[in-house]
Amino acid sequence: MLHINKIRENKDSYIALLKLKNIDATDLFDSVIAKDNERKATQQQSDELLAKGNQFAKQIGEMYKTGKVAEANLLKEESALIKEESKALQTKQIELEKEIQSILVQIPNIPHPSVPKGKSDLDNRILKEVGKIPNLMKGAKPHWELTTDYNLIDFALGNKITGAGFPVYIDKGARLQRALISYFLDKNTAAGYIEYLPPHLVNEASGFGTGQLPDKEGQMYHANEDNLYLIPTAEVPVTNFFRNVIVDKFPIMCTAYTPCFRREAGSYGKEVRGLNRLHQFDKVEIVQVQHPNKSYETLDLMVSHVASILDELELPYKILQLCGGDLSFTSAITFDFEVYSAGQERWLEVSSVSNFESYQANRLKLRYKDGNGKTQLCHTLNGSALALPRIYAALIENNQTAQGIKIPKALQPYTGFDIIK
RNA sequence: GGUGAGGUGGCCGAGUGGCUUAAGGCGCACGCUUGGAAAGCGUGUAAACGGGAAACUGUUUCGGGGGUUCGAAUCCCUUCCUCACCGCCA
């Protein structure tokens, strides 16, 4: 959510930048500023009345003590009038605040000036392409066949006990999954991130804090009886650690492994085949809270951190800067990582690193004190480091040989084996 | 799940309708003191939203929401949470 004062200060440049997201915010901005002016005026009136009422209450107290009952009763009558009037003003104020809020939540984050123009993923800017696309042997297979051939994952078994999109990992297949989680966490903690293991269910307030609620309610699994939501990403519990917090140190670096639960209503077809899109999957997330002056420096560090992991895993990948049209509602700038999955001859998104600037922080009320002792909004950033299933798919597809599936060196200490036969 | 006790500032903790502008303590910051430090003494120490160039100032907030009253941390209703004991249980 944008802060109303920032809209006032930067209205014209915001309107220009939002065009990158193909949005004309002129009317929204005008109406929200007008409402805010009205809100201020209303508050001023209401504050004055309340101050008067407080004065009267004190005087009445004094009068009773000194026995001036008749005078007190007169003042009481006047008080009643003030009360009525101020109540009406307060109701109006709350109403206006609601209206302002409901406009503000409709306005997406302002894109960074470097964001390319564009409508869809076709307009994303390729920044870098690293590694060679492997030349697979004849008869190379997609991962959904390999996982069956080598008994790594049983999709049908998951289907039986839960439903589609809930795979069961078996034997070396399970071990590989566990190895990846440990490996990612170790890479992240070595880079200075503190490891957390948060709850996998969150309350309603947390859903609001990171913006899943109320808009994307249908994307989350909901435990009705207790009114708790299954997390769609570790970003939700971890970012909410900082809800209503005034921090005094930068940067704050967190990493967390969690399973992620997504209903993915409306998905279908080959996009969802095998591991490509699941209802439950594992992911290791990195989150940073940073001073506004440092957040873009941090963003670069996060991008190169993710790149270094993919380098070590010897996966061919490309880094894309998302165009305005593909940018998420809350992000100011996003870099996507895609790895090449040779068995299905596709690029798969495995990480998305974003700077939200103060957009999330405003909703969360995540602040720090500046040199003058004034509270200011922090910047928040997050990224996947990394999402497991598609890394898993690319790893086994790209490393399939006549002898079996080879495990990259960096992972071998974690798997305890160097080939799956 | 049952019964009981609670929720007050960064923390501890007093406060049963106006004497609270939330006592007192701890912590923190600054100053005095000191050769330096500790102790001691003094001053300051929440957030949100307004007004003001600023100094300063108004309103709201004692878990959340609602109510009674001229006036609520205090009384009433409701909801959430915490703790203790019991039951169940990895």
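Only a predicted model underlies this, so the values are computations on that prediction, with no experimental measurement involved. So you know, we letter chains A, B, ... as the sequences are listed, proteins then strands, and number each from 1.
Note: A:Y169 and A:Y392 meet the aromatic proximity criterion, with ring centroids under 6.0 Å apart. Between A:Y368 and A:H291, the gap from one ring centroid to the other is short of 6.0 Å.
Distance A:I82 CD1 to B:rU69 P: 17 Å, rounded to the nearest Å. Taking atom NZ of residue A:K98 and atom P of nucleotide B:rC49, one finds them 19 Å apart after rounding to whole Å. To the nearest angstrom, P of B:rU57 lies 17 Å from CD of A:E48. The interatomic distance linking A:I246 (CD1) with B:rG10 (P) rounds to 8 Å, in whole Å. The nearest whole Å value for the distance from the CG atom in A:N203 to the P atom in B:rG64 is 16 Å. Between A:E204 atom CD and B:rC81 atom C1' the separation is 15 Å, expressed in whole Å. Atom NZ in A:K76 sits about 15 Å away from atom P in B:rG18, given to the nearest Å. Distance A:D226 CG to B:rC80 C1': 13 Å, rounded to the nearest Å.
Summarising the base pairing, B:rC83 is matched to B:rG4 through a Watson-Crick or G-U wobble pair whose two defining distances lie under 3.5 Å. Nucleotide B:rG31 forms a Watson-Crick or G-U wobble pair with B:rC41, both donor-acceptor distances falling under 3.5 Å. Using Watson-Crick or G-U wobble geometry with both donor-acceptor distances under 3.5 Å, B:rA72 finds no partner in any strand shown. Across all strands shown, B:rA14 remains unpaired; no Watson-Crick or G-U wobble contact has both distances below 3.5 Å. Remark: B:rC88 base-pairs with no nucleotide in the shown strands. Criterion, Watson-Crick or G-U wobble with two distances under 3.5 Å. With a cut-off of 3.5 Å on both Watson-Crick or G-U wobble distances, the partner of B:rA22 is given as none. Across all strands shown, B:rG58 is found opposite B:rC49 as a Watson-Crick or G-U wobble partner, with both distances under 3.5 Å.
Ring planes of A:F29 and A:Y14: tilted class, angle from 30 to 60°. A tilted orientation is assigned to the rings of A:Y296 and A:H112, their planes being inclined by 30° to 60°. The aromatic rings of A:Y196 and A:F241 sit tilted relative to each other, their planes meeting at an angle between 30° and 60°.
The gap from the P atom of B:rU57 to that of B:rU8 amounts to 29 Å, rounded to the nearest Å. Nucleotides B:rG15 and B:rU74 have their P atoms positioned 15 Å apart, rounded to a whole Å. Taking atom C1' in both B:rA73 and B:rU21, the straight-line distance is 15 Å, to the nearest Å. Spacing between B:rA23 and B:rG13 at atom C1', rounded to whole Å, works out to 10 Å. Remark: the separation of the C1' atoms in B:rA46 and B:rG42 is 23 Å, to the nearest Å. The gap from the C1' atom of B:rG9 to that of B:rC28 amounts to 14 Å, rounded to the nearest Å. B:rG63 and B:rC80 have their C1' atoms separated by 8 Å, given to the nearest Å. Going from the P atom of B:rU3 to that of B:rG10 covers 35 Å, rounded to whole Å.
Taking only side-chain atoms of A:R367, from C-beta outward, the nucleotide of B:rA48, B:rU59, B:rC70 with the closest atom is B:rA48. Here B:rC70 is the nucleotide among B:rG51, B:rC49, B:rC70 with the atom lying nearest to any side-chain atom of A:Y64. Here the nucleotide nearest the side chain of A:S79, chosen from B:rG58, B:rU60, B:rC70, is B:rC70.
Listed by residue number, A:N54, A:A57, A:I60, A:G61 are the residues of residues 54-62 of chain A with a heavy-atom contact under 4.0 Å to RNA chain B.
Between A:K365 and A:I94, the residue whose closest nucleotide on RNA chain B is further toward the 5' end is A:K365. Between A:Q93 and A:Q90, the one whose closest nucleotide on RNA chain B sits nearer the 5' end is A:Q93.
Looking at heavy atoms from C-beta onward, A:K406 lies out of side-chain contact with A:D418 at the 4.5 angstrom threshold.
Residue A:K83 places at least one side-chain N or O closer than 4.0 Å to OP1 or OP2 of B:rG71. Residue A:H3 places at least one side-chain N or O closer than 4.0 Å to OP1 or OP2 of B:rC49. A close approach under 4.0 Å does not occur between any side-chain nitrogen or oxygen of A:R39 and OP1 or OP2 of B:rC49.
Across all strands, A:S46 comes closer than 4.0 Å to no nucleic acid atom at all (heavy-atom distances). Among the protein residues, A:Q44 comes within range of the sugar-phosphate backbone only, with heavy atoms under 4.0 Å from sugar or phosphate atoms but none that close to a base.
Test A:R367, A:M1, A:K6 against A:S358 for side chain to side chain contact (heavy atoms under 4.5 Å, CB included) and you get one pass: A:K6. Screening A:L185, A:L388, A:N188 for a side chain to side chain contact (heavy atoms under 4.5 Å, CB included) with A:Y257, the sole residue that qualifies is A:L185.
Looking only at atom types and distance, the side chain of A:D311 has no donor-acceptor partner in the side chain of A:S308 under 3.5 Å away.
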Margin query: Run the side chain to side chain contact (heavy atoms under 4.5 Å, CB included) test on A:H143 and A:N276 for me, step by step, so that the C-alpha distance in whole Å, both residues' side-chain angles and the decisive distance to 0.1 Å come before the verdict.
Written below: CA-CA 10 Å; A:H143 68 270; A:N276 289 348; 3.5 Å; yes

